[in-house]
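Have a look at the structure below before the remarks.
Counting from 1, the numbers follow the sequence of the chain as shown. Start at 1 and go down the list; that is how both ligands and their atoms are numbered.
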Amino acid sequence: MKGRDILSLVELSSKEINLILQRSALIARQKRSPQQLKGKTVALIFQKPSTRTRVSFETAVAHLGGHPIYLSWNEMQLGRGETISDTARVLERYVDAIVARVYSHEDLVTLAETADVPVINGLSDKAHPCQILADLLTLVQYKKRLKGLKLAYIGDGNNVCNSLLVGCAKTGVNITVARPQGYGPDPEAIRNAKKAAEESGSTVVITEDSAEAAKDADAIYTDTFVSMGMEKEKETRLSTFIPKYQVNKELLRLSKPGAIFLHCLPAHRGDEVTEEVIDGPQSAVWDQAENRLHTAKALLSLIV
Ligand code: CP
Ligand code: NVA
């Protein structure tokens, strides 16, 4: 997998996803990480805020013996109009890989097409592949398998939902997405997920009915109703989503006994999830957040 760009999960085969998950589980058990990035540097470009993605990647690079360079978009010449492709041409002369969080997925594509080093998507408007690797690892840790599980994603059909669709379908997890009409997911992500599901023998269901999604689920997943960059739509979104799509005790009760609650974080208690669910006994969100570190290490060690 050396040299590969990871812009969504579409470019990875199910075998490769499973390899990353196996390596993540191994790394999670090791006290000291293999020094696979010794002497190497990784640029981390952020156009939007981040806690988990930034800190897990910085830590992952350091633990692997390399040196991370955090670059805020507006503190680079990018913020003053230098093009993405010119930036890519320069960075490839210095660093061994680039992780980037951007508003427009197209910018990532340009970065990856121009830079001769691997580019990893740290979140775009379309996809959040690194998050989904951590989510799948969390499912394996709690449920001991992926194939045949049912995951209900309830809420906004956003970047996380798009990648979750593809990641679940590729690994044999049956996924049902419940969201209001007109709020995603991306038609291309649905097409890709359905194609992958045919191969893995899993199912992809998109509905408006949150109870149908939650019924007999092994895991219930939600994300913010107001993603970064959508702040102007906040009021409309909250009034559209909260009444039918908030993950609360009543919705969780419809899932299987022992089902887990997942959230990529940051969470907005009282909006997409109630306090008693996220802080309750079925919540796996802190392990899920920890898994960002293990999966970041596994991914870097395989592609850089
Ligand atoms: N889940 C996630 O990507 O979190 P951050 O926005 O804090 O990086
Ligand atoms: N959907 C959210 C995810 C944050 C990690 C956003 O794009 O803001």
With a 4.5 Å limit on heavy-atom distance, are the side chains of Cys161 and Asp223 in contact? no

For atom 7 (O) of ligand 1, what's the nearest protein heavy atom and its distance? Thr51 N, 2.7 Å

Nearest-neighbour protein heavy atom for atom 6 (O) of ligand 1, which is reported as residue plus atom name and distance: Arg101 NH1, 2.9 Å

Audit row: Val204, Leu165, side-chain contact (heavy atoms from CB on, under 4.5 Å) steps and yes/no: CA-CA 8 Å; Val204 174; Leu165 273 165; 3.7 Å; yes

Side-chain donor-acceptor pair under 3.5 Å between Glu212 and Thr207, yes or no? yes

Among side-chain atoms of Asn174 and Thr203, is any donor-acceptor pair under 3.5 angstrom? yes

Less than 4.5 Å apart, side chain to side chain, heavy atoms only: is that true for Gln30 and Lys297? no

Is there a nitrogen or oxygen of His128 sitting under 3.5 Å from a nitrogen or oxygen of ligand 2? no

Does Cys264, backbone or side chain, put an N or O under 3.5 Å from an N or O of ligand 1? yes

Using distance alone, determine whether Pro266 and ligand 2 share an N or O pair under 3.5 Å. no

Taking everything shown except Glu231 itself, do over 12 heavy atoms lie less than 6.0 Å from its CD? yes

Shortest protein heavy-atom distance from atom 7 (O) of ligand 2, along with the residue and atom involved: Asn159 ND2, 2.8 Å

Testing Lys126, Lys195, Lys194 for salt bridge (charged side-chain N to carboxylate O under 4.0 Å, His left out) with Glu188, which one passes? Lys126

Would you mind running through ligand 1 and noting each atom that sits below 4.0 Å from a heavy atom of Leu265? 1 (N), 2 (C), 4 (O)

Counting only heavy atoms, which portion of Leu123 has something under 4.0 Å from ligand 1: side chain, backbone, both, or neither? neither

Should Lys48 be listed as contacting ligand 1, given a heavy-atom distance under 4.0 Å as the test? no

Do me a favour and list the nearest non-hydrogen protein atom to atom 6 (C) of ligand 2 with residue, atom name and distance? Ser227 OG, 3.3 Å

Step through the shown structure and confirm whether more than 12 heavy atoms of other residues, nucleotides or ligands are within 6.0 Å of NZ on Lys2. yes

Backbone or side chain, does any N or O of Asp223 fall under 3.5 Å from an N or O of ligand 2? yes

When you look at His105 and Asn121, which way does the side-chain contact (heavy atoms from CB on, under 4.5 Å) test go after all the steps? CA-CA 9 Å; His105 192 81; Asn121 181 357; 3.9 Å; yes

For ligand 2, note which part of Asp156 has a heavy atom under 4.0 Å away: side chain, backbone, both or neither. neither

So is there a nitrogen or oxygen of Arg101 less than 3.5 Å from a nitrogen or oxygen in ligand 2? no

Quick check on contacts: which atoms of ligand 1 are under 4.0 angstrom from a heavy atom of His128? 2 (C), 3 (O)

Under the side-chain contact (heavy atoms from CB on, under 4.5 Å) rule, what do His128 and Thr53 come out as? Steps first, then yes or no, please. CA-CA 10 Å; His128 197 6; Thr53 306; 3.9 Å; yes

Asn291-Gln141 side chain donor-acceptor pair, cut-off 3.5 Å: yes

Determine whether the side chain, the backbone, both or neither of Leu265 has a heavy atom under 4.0 Å from any heavy atom of ligand 2. backbone

Counting from 1 in the order shown, the ligand 2 atoms closer than 4.0 Å to a non-hydrogen atom of Asn158 are 1 (N)

In ligand 1, the atoms that come under 4.0 Å of a heavy atom of Arg292 are 1 (N), 2 (C), 3 (O)

Give yes or no for whether the N/O distance cutoff of 3.5 Å, strictly under, is met between Thr224 and ligand 2. no

Give me the residue, atom name and distance of the protein heavy atom closest to atom 4 (O) of ligand 1. Arg52 NE, 2.9 Å

Considering only protein heavy atoms, which is closest to atom 4 (C) of ligand 2, and at what distance to one decimal place? Leu123 CD1, 3.8 Å

Parallel, tilted or perpendicular for Phe225 and Phe241, by the 30°/60° rule? parallel

Write out the residue and atom name of the closest protein heavy atom to atom 8 (O) of ligand 2, then the distance separating them to 0.1 Å. Met228 N, 2.8 Å

Test log, rule side-chain contact (heavy atoms from CB on, under 4.5 Å), inputs Arg179 and Glu208: CA-CA 5 Å; Arg179 87 307 172 226; Glu208 281 179 64; 3.8 Å; yes

